[in-house]
Q: 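Shown below is the structure under consideration.
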Amino acid sequence: MLEVSGLRVSYGGINAVKGIDFTVRAGEMVTLIGANGAGKTTTLKALTGLLRPASGSVRYNGEDIVAVPVYQRVKMGIALVPEGRGIFPRLTVEENLDMGAYSRDDSVAAGADRDRVYALFPRLAERRRQTGGTLSGGEQQMLAIGRAMMSRPRLLLLDEPSMGLAPLMVQKIFATIRAIAAEGVTILLVEQNAKLALEICQRGYVMESGEITLHDNVQALLANPQVRRAYLGEDL
Amino acid sequence: MDTFLQQIINGLTLGSVYAVVALGYTMVYGIIQLINFAHGEVVMIGAMVAFTVIGWLAANTTLPPLLIVLIGTLAAIPACVAVGYALEIFAYRRLRNAPRLAPLITAIGASIVLQQLAMMIWSRNPLGFPQIIPNTVYHIEGATITLIQIAIIATSVLLMAGLTFVVYRTRLGVAMRAASQNAQIAGLMGVNVNQIIAATFMLGAALAAVAGVMVGTYYGIAHYTMGSLLGLKAFCAAVLGGIGNLAGAMLGGMLLGLVEALGAGYIGDLTNNVFGSNYQDVFAFLVLIAVLVLRPSGLLGERIGERA
């Protein structure tokens with residue numbers, strides 16, 4: 001579904017991503033793990049078109065999408081749950097969700113999807129008239145995921161969904177991600193919390209200083225001493 | 001004659017015009033944090049185009065006066081929308097990510113260009129706006145209100161209600177607000193942010209066109225420099241209300257009109273006629289200075305730190 005090859009991205013004068021290759025097959029859950037500053041977020045920004053790659057190709061369903069503007073990619077089925085959640089602080093919860101469906105022209109079905117998001121996150125339904133800025137971090141993360149789902153994505157990119165959340169909330173968010181995957185949505189998950197990410201995904205790529213240094217299925221990665229020492233916090 | 005009531009009426013009339021113009025400043029600022037100092041010239045272009053159309057229709061047809069003014073306004077709107085769009089595309093778009101001083105200077109440059117163009121087209125002389133609407137005068141409680149004043153206030157209220165509806169109840173409006181809060185994320189949602197910014201300029205310009213017709217009809221005169229001072233005052237109104245805030249622009253415009261009218265009405269009495277009502281223009285800028293010193297975010301401005 002997604003094939004990235006030779007992707008190089010500079011960001012603020014630094015080469016944040018230095019020629020990486022990876023693939024995500026339809027229906028898969030793949031994670032990109034790595035330390036802060038490894039280039040994970042930059043990679044996602046290149047996939048969504050927020051940053052323009054210096055070179056390399058991003059093929060989505062066989063088509064090179066490097067030249068496709070940001071606002072057209074959501075219509076192709078790519079949605080991002082951004083780092084820091086990116087809620088519109090002065091739009092209501094409901095308006096935030098409606099923005100998620102902005103690219104769709106079937107308002108009736110979008111309304112039904114909104115009800116599904118509310119069913120999934122009853123807390124959002126309770127707060128539908130509140131502005132996004134008044135929500136707690138966990139509620140904002142629910143809203144960000146719900147908003148991304150409103151576009152009916154086929155490929156969902158998640159950037160650090162666990163960041164800044166209480167453990168219980170993290171569990172809930174990850175359970176939700178799993179449920180979304182079970183519906184057939186392909187998932188690329190970027191996480192600093194490698195343990196969590198490796199637990200729910202099938203394959204993983206390890207990123208260090210802008211390069212992919214390791215990739216394998218998650219069982220192999222979880223068993224890899226280097227990964228265990230560097231990302232799972234184990235003394236070996 | 002009751003000075004107080006009379007000045008309230010005059011102030012509301014003036015304030016309505018300021019409010020409509022201030023909305024143009026505040027919408028553009030809200031979405032790209034740019035003060036479009038050429039906005040006043042757009043008002044002037046609106047008055048000029050309406051002047052030409054109304055003058056021609058009045059001389060060559062026997063249409064009812066109200067219809068003539070309406071056609072004049074309908075002609076001014078697309079002209080101003082085109083100017084607003086051109087400003088965005090040619091003057092500001094390339095400078096979207098430039099240091100803030102660059103688009104500011106460009107705005108002043110664009111304003112000079114528009115003024116000079118208008119001077120070349122419509123001459124450097126003040127043009128008498130055709131007085132075709134019978135200016136009926138109504139007396140209330142010792143003060144007077146004219147038909148034109150009533151029309152201006154009513155039109156402004158309608159425009160403000162219409163704009164509020166667009167911004168809060170339509171798809172375009174939600175996209176505008178989303179883009180103003182986080183343009184990148186709005187793009188991710190499928191919003192073509194450039195289109196929304198252009199639409200914002202055009203919406204503001206359409207309001208400016210109507211304001212141009214209102215000012216021309218009210219003062220009975222159109223001149224190629226009429227936009228500068230009016231634009232600056234409307235800008236003061238937008239800052240007074242809290243720039244970037246729609247309700248603020250409306251409130252700021254009305255308040256500024258009232259302050260000006262009451263100030264002009266009483267300054268003679270208060271200073272033993274040392275200063276007269278010709279000092280009217282001073283009040284807008286006194287208000288601007290006071291706001292900047294006492295409450296820089298404006299009356300309804302957002303407190304910093306509200307962003308998530």
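Just so it is clear, the structure is predicted and the values come from calculations on it, not from any experiment. Lettering follows sequence order; numbering is per chain, from 1.
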Q: Among A:Thr134, A:Asn96, A:Leu91, which residue forms the greatest number of heavy-atom pairs with chain B at distances under 4.5 Å?
A: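 The residue among A:Thr134, A:Asn96, A:Leu91 with the greatest pair count is A:Leu91.
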Q: Atom CZ in A:Arg127, atom CD in A:Glu139: separation rounded to 0.5 Å?
A: 4.0 Å
Q: Which atoms of A:Arg85 come close to chain B, meaning under 4.5 Å heavy atom to heavy atom: side chain ones, backbone ones, both, or neither?
A: neither
Q: Compute both the distance and the angle, then confirm whether A:Arg73 meets the cation-pi test with A:Tyr60: under 6.0 Å from the six-membered ring centre, within 45 degrees of the axis.
A: no
Q: Write out, in numerical order, the residues from residues 169-179 of chain B with a heavy atom short of 4.5 Å from a heavy atom in chain A.
A: B:Arg171, B:Val174, B:Ala175, B:Arg177, B:Ala178
Q: Would the distance check show the side chain of A:Glu160 and the main-chain N or O of A:Gln192 forming a donor-acceptor pair, the cut-off being under 3.5 Å?
A: yes
Q: Between A:Val70, A:Thr48, A:Leu135, which has the largest tally of heavy atom pairs under 4.5 Å with chain B?
A: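 Between A:Val70, A:Thr48, A:Leu135, the count favours A:Val70.
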Q: In terms of heavy-atom contacts, does CZ of B:Phe285 have more than 12 from other residues, nucleotides or ligands at under 6.0 Å?
A: yes
Q: Among A:Ile78, A:Val66, A:Leu188, exactly one meets side-chain contact (heavy atoms from CB on, under 4.5 Å) together with A:Leu47. Which residue is that?
A: A:Leu188
Q: Taking only Lys NZ, Arg NE, NH1 and NH2, and the carboxylate oxygens of Asp or Glu, determine whether A:Glu183 and A:Arg152 approach each other closer than 4.0 Å.
A: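 A salt bridge is absent here (no side-chain N lies under 4.0 Å from a carboxylate O).
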Q: Considering only heavy atoms from C-beta outward, does the side chain of A:Leu196 approach that of A:Glu191 to under 4.5 Å?
A: no
